[in-house]
Amino acid sequence: MRNALDVTTAQALDGALTQFCRDPELRAAVLTGAGGYFCSGMDLKKFPTDGVPAVGGRGLGGLTRAHLTKPLIAAVEGAAVGGGMELALSCDLIVAGTSALFALPEVSRGLIAAEGGAARLPARFPYHLAMEMLLTGEPVDAASAARHGLVNKIAEDGTAVETALELASLITRHPQEAVQAARAMARTAHEVGPAAAWRLQDAVSPSSFSTLG
């Protein structure tokens, strides 16, 4: 099923993310899929009996509504479809293999991309292109996603994880407190609003960080 997400997989991912956030030795992480595919979304065969594979209040796979404290990078090979794309959108950075595809086909099933697709995509992608994806369900290739800023880097097929780890290495060479604070403020500004980000910045101890201006 190309890494379709069921309850068992969602709980395993949630556990890994929880451990990532709790372990002080882990400073950045890469999320990817096995077998050359990222994730085809929710396992529709198990949906009638298991329901949506959400965990607690943290959303699909324990990620789409989670409040992570450290950078998470998506390494997308193959398809990131439906919930799979929503997992990628929940990450801070996205690396895609050359042949990767992104799609939110929920509308074709009479559904909406309710775990971040409809909420996040219009702010990450040009509005009209985001609407085209949401309303037609048609996919976007890696080249187009990168050209319009949805993807940070394109890698040769099979090397997305390697490229993502290089990005993680660039991140982790910097002081962890500064990285986490910058991430928190940027995500707050993006998802809540600039005013909330300013309040968060003002709450940061001046003894730990300084600003130039």
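- The line from OG1 of T18 to CD of Q11 is 11.5 Å long, rounded to the nearest 0.5 Å.
- The backbone N or O of L72 sits less than 3.5 Å from a side-chain atom of D92, completing a donor-acceptor pair.
- Of the possible donor and acceptor atoms, one in the side chain of T32 sits under 3.5 Å from a partner among the backbone N and O of A75.
- L87 and F20 are not part of a single hydrophobic cluster, where members link through side-chain heavy atoms under 4.5 Å apart.
- Atom CZ of R183 is separated from atom OG1 of T69 by 7.0 Å, given to the nearest 0.5 angstrom.
- A pairwise comparison of heavy atoms in N3 and A34 identifies ND2-O, 2.9 Å as the closest pair.
- Not a single donor-acceptor pair under 3.5 Å links the side chain of K70 to the backbone N or O of A29.
- A donor-acceptor pair is defined here as one N or O able to donate and one able to accept, closer than 3.5 Å; no such pair exists between the side chain of R2 and the backbone of A79.
- The CG atom of L93 sits 6.0 Å away from atom CG of L167, with the distance rounded to the nearest 0.5 Å.
- Using modelled atom types and a 3.5 Å distance limit, the side chains of T9 and D6 yield a donor-acceptor pair.
- Side chain of R187 to backbone of H67: no donor-acceptor contact under 3.5 angstrom is found.
- Under a 3.5 Å cut-off, the side chain of T98 and the backbone N or O of A155 do form a donor-acceptor pair.
- Cluster annotation: Y37 is not connected to V151 through the hydrophobic network of ILVMFWY side chains, with a link wherever side-chain heavy atoms come within less than 4.5 Å.
- E191 and R65 are not joined by a salt bridge, as no carboxylate oxygen comes within less than 4.0 angstrom of a charged side-chain nitrogen.
- No continuous path of hydrophobic side-chain contacts links V140 to L101 [ILVMFWY only; heavy atoms under 4.5 Å].
- No chain of hydrophobic side-chain contacts below 4.5 Å, direct or via other Ile, Leu, Val, Met, Phe, Trp or Tyr residues, connects V81 to L104.
- The minimum heavy-atom distance linking A168 with A28 is given by the pair CB-CB, 4.1 Å.
- When all heavy atoms of P122 and G117 are compared, the pair lying nearest together is CD-O, 4.0 Å.
- Counting only heavy atoms from C-beta outward, the side chains of I112 and L134 never approach each other to under 4.5 Å.
- For the atom pair L150 CG and L89 CG, the distance stands at 6.0 Å (nearest 0.5 Å).
- Between D14 and G62, the shortest heavy-atom contact is OD1-CA, 3.7 Å.
- Scanning both residues, L60 and L5, for their nearest heavy atoms gives CG-CD2, 3.6 Å.
- Pairing each heavy atom of P71 with each of I171, the nearest pair is CG-CG2, 4.0 Å.
- At least one donor-acceptor pair under 3.5 Å links the side chain of R27 to the backbone N or O of H174.
- If you take CD on E106 and OG on S108, they are separated by 8.0 Å, rounding to the nearest 0.5 Å.
- Dense packing is recorded around CZ of F125, with more than 12 heavy atoms of other residues, nucleotides or ligands lying under 6.0 Å away.
- One N or O on the side chain of E77 and one on the backbone of T159 form a donor-acceptor pair closer than 3.5 Å.
- At least one donor-acceptor pair closer than 3.5 Å links the side chain of T188 to the backbone N or O of A184.
- Checked for salt-bridge contact, E86 and R120 miss the test: no charged N lies under 4.0 Å from a carboxylate O.
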Subject >> Derivation of the side-chain contact (heavy atoms from CB on, under 4.5 Å) call for L68 and L63 >> reply: CA-CA 8 Å; L68 302 184; L63 174 58; 3.8 Å; yes
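- Of the possible donor and acceptor atoms, none in the side chain of K46 sits under 3.5 Å from a partner among the backbone N and O of V7.
- Atom CE of M133 and atom CE of M85 lie 3.5 Å apart (nearest 0.5 Å).
- Side-chain contact between V95 and E166: absent, with no pair of heavy atoms (C-beta onward) separated by less than 4.5 Å.
- Side-chain atoms of V179 and T172, non-hydrogen and from C-beta on, never get closer than 4.5 Å to each other.
- Under the 4.5 Å side-chain contact rule for hydrophobic residues, V55 and L31 do not share a cluster.
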